[in-house]
> 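Before we start, here is the structure in question, set down as structure tokens.
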Number of protein chains: 2
Amino acid sequence: MEVKKDNTEDKIIDAATDVFVQKGMDGARMQEIADRAGINKALLHYYFRSKEKLFDAIFTKLIGIAFPRIGQIIFSELPFSEKLEQAVGTYLDLLIKYPFLPAFIVKEVNRDATPFFSFIERSGFSVDPIKRMLQEAMDRGEIRPMKPEHLMVNIIALCVFPFAVRPIINHVAFKGDDKALKQFLAERKDEVKSFVLKAIQPE
Amino acid sequence: MEVKKDNTEDKIIDAATDVFVQKGMDGARMQEIADRAGINKALLHYYFRSKEKLFDAIFTKLIGIAFPRIGQIIFSELPFSEKLEQAVGTYLDLLIKYPFLPAFIVKEVNRDATPFFSFIERSGFSVDPIKRMLQEAMDRGEIRPMKPEHLMVNIIALCVFPFAVRPIINHVAFKGDDKALKQFLAERKDEVKSFVLKAIQPE
DNA sequence: AAAAAATTTAACCAGGTGGTTAAATTTCGA
DNA sequence: TCGAAATTTAACCACCTGGTTAAATTTTTT
């Protein structure tokens with residue numbers, strides 16, 4: 001049940017999101033954003049004083065989607081395998097909904113990481129609780145011992161990477177067949193879960 | 001033992017590589033490339049008629065590095081575990097040497113995939129032999145059965161992804177400590193190998 | 001020494017960029 | 001109805017973009 005937004009600011013944000021995600025900060029044009037929002041350039045500056053300010057707003061919004069709070073899952077009393085299943089499932093649902101997020105974030109974070117850094121500071125995001133949770137699971141013998149940083153990166157890599165290189169996979173593995181690619185990405189949920197579970201199971 | 005290159009064309013290519021990798025096609029400026037090559041803009045167009053032609057040359061060169069021929073490994077008679085070890089080792093050495101390749105390719109392939117497509121066609125690159133090799137390893141019972149596309153994507157994801165999101169990992173996991181990040185990336189060789197091997201072992 | 005190739009200089013171009021301004025007009029809430 | 005806010009129009013700005021040109025100069029090759 002989506003809320004109907006028809007005020008100008010939201011129209012601008014929607015249009016700017018589309019354009020920035022597709023073209024990136026460097027490739028985006030204020031005129032195109034104005035056109036897509038159905039307004040003119042003057043009004044664009046009436047709402048957001050500069051391209052940079054507008055981009056920051058969009059970037060912050062999108063990074064907030066890509067770095068969701070997963071506290072409830074982490075702090076639940078479920079066994080690790082079920083935490084993993086929930087986390088991977090939730091995250092892949094999100095990626096299927098926003099398939100262009102990974103490429104956008106890779107692009108912009110490598111261009112200028114400071115907006116990302118300030119988001120992290122503002123949001124208070126930290127990996128420490130996740131690391132602690134993993135360490136405890138290892139101590140309980142639910143997971144084989146390994147550096148938690150590697151496990152975290154591995155899980156995220158398996159989820160995110162296929163979306164970041166979508167055009168490559170689509171062409172090389174599926175010869176441009178969009179249906180097959182979509183099917184493949186849908187399968188990732190089970191694939192990542194079982195792949196990780198086997199990889200971390202103790203002796 | 002690097003070959004000393006001091007002719008202008010190579011100076012241009014080196015400079016253009018730096019600038020395009022760092023800023024991308026949209027962010028790159030011909031003036032900056034000329035400055036870095038120690039020449040002027042007129043001479044830049046004397047060698048490469050347009051920005052697009054220069055970019056194509058650089059992109060093709062870099063994609064050729066990122067999609068190396070791994071035929072010798074695939075067609076060797078080694079057991080799969082050793083093939084994996086060799087392939088991952090070789091590829092991670094390459095990524096450590098060119099750490100900005102993944103972000104560059106993600107960026108540019110998502111901006112315009114056609115140069116990538118034409119490279120694939122020209123080079124005759126195909127996943128089919130890799131798929132066949134994996135299938136045979138499964139038939140021999142060396143690997144648990146799974147879709148070869150997923151296994152391929154998983155291995156590449158585990159290798160490449162950390163480099164693509166290097167600034168994020170550096171900040172979130174290592175609080176900006178470059179040494180720690182470097183150490184982490186060096187560990188990936190063993191990490192990916194053991195992670196994948198456990199994930200694919202039968203039963 | 002002559003010819004050819006490489007390089008510089010410096011000016012120039014058309015077109016696009018983000019951004020601004022002022023005035024007129026429309027919309028909308030008090 | 002009145003006034004404020006929202007929106008449009010249209011012109012304008014300085015600056016940057018990729019790209020071109022012609023002539024002079026230097027370097028290299030023959």
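Within every chain, numbering begins at 1; the chains are lettered A, B, ... in the order of the sequence lines, protein sequences first and strands thereafter.
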> Distance check needed: D:dC15 P versus B:Q31 CD, whole Å only.
17 Å

> Does the ring centre of B:F195 sit less than 6.0 Å away from the ring centre of A:H150?
no

> In whole angstroms, how far is the P atom of D:dG18 from the NZ atom of B:K23?
11 Å

> Charged N to carboxylate O below 4.0 Å: is that the case for B:E191 and A:K147?
no

> Between B:E32 and B:K23, is there a salt bridge with N-O shorter than 4.0 Å?
yes

> Restricting to non-hydrogen atoms, name the atom on A:P162 and the atom on A:R188 that form the minimum distance, rounded to 0.1 Å.
CG-NE, 3.7 Å

> Could you tell me the separation between the CZ atom of B:R29 and the P atom of C:dG16, rounded to a whole number of Å?
15 Å

> Tell me what A:A28 touches on the nucleic acid: a base, only sugar-phosphate, or nothing, going by heavy atoms under 4.0 Å.
sugar-phosphate

> Do B:F55 and B:F59 have their ring centres less than 6.0 Å from each other?
yes

> Can you confirm if the aromatic rings of B:F104 and B:F163 lie within a centre distance of less than 6.0 Å?
no

> Could you state the atom-to-atom distance from CE of B:M30 to C1' of C:dG15 in whole Å?
17 Å

> Between C1' on D:dG18 and CG on A:D26, what's the gap in Å once rounded to a whole number?
16 Å

> Among residues 41-56 of chain B, which contact DNA chain D at a heavy-atom distance under 4.0 Å?
B:K41, B:A42, B:H45, B:R49, B:S50, B:K51

> Rounded to whole Å, please give me the gap between CG in B:D35 and C1' in D:dG18.
15 Å

> How long is the line joining CD1 of B:I39 and P of C:dA6, in whole Å?
13 Å

> How many Å lie between CG on A:N40 and P on C:dT20, as a whole number?
15 Å

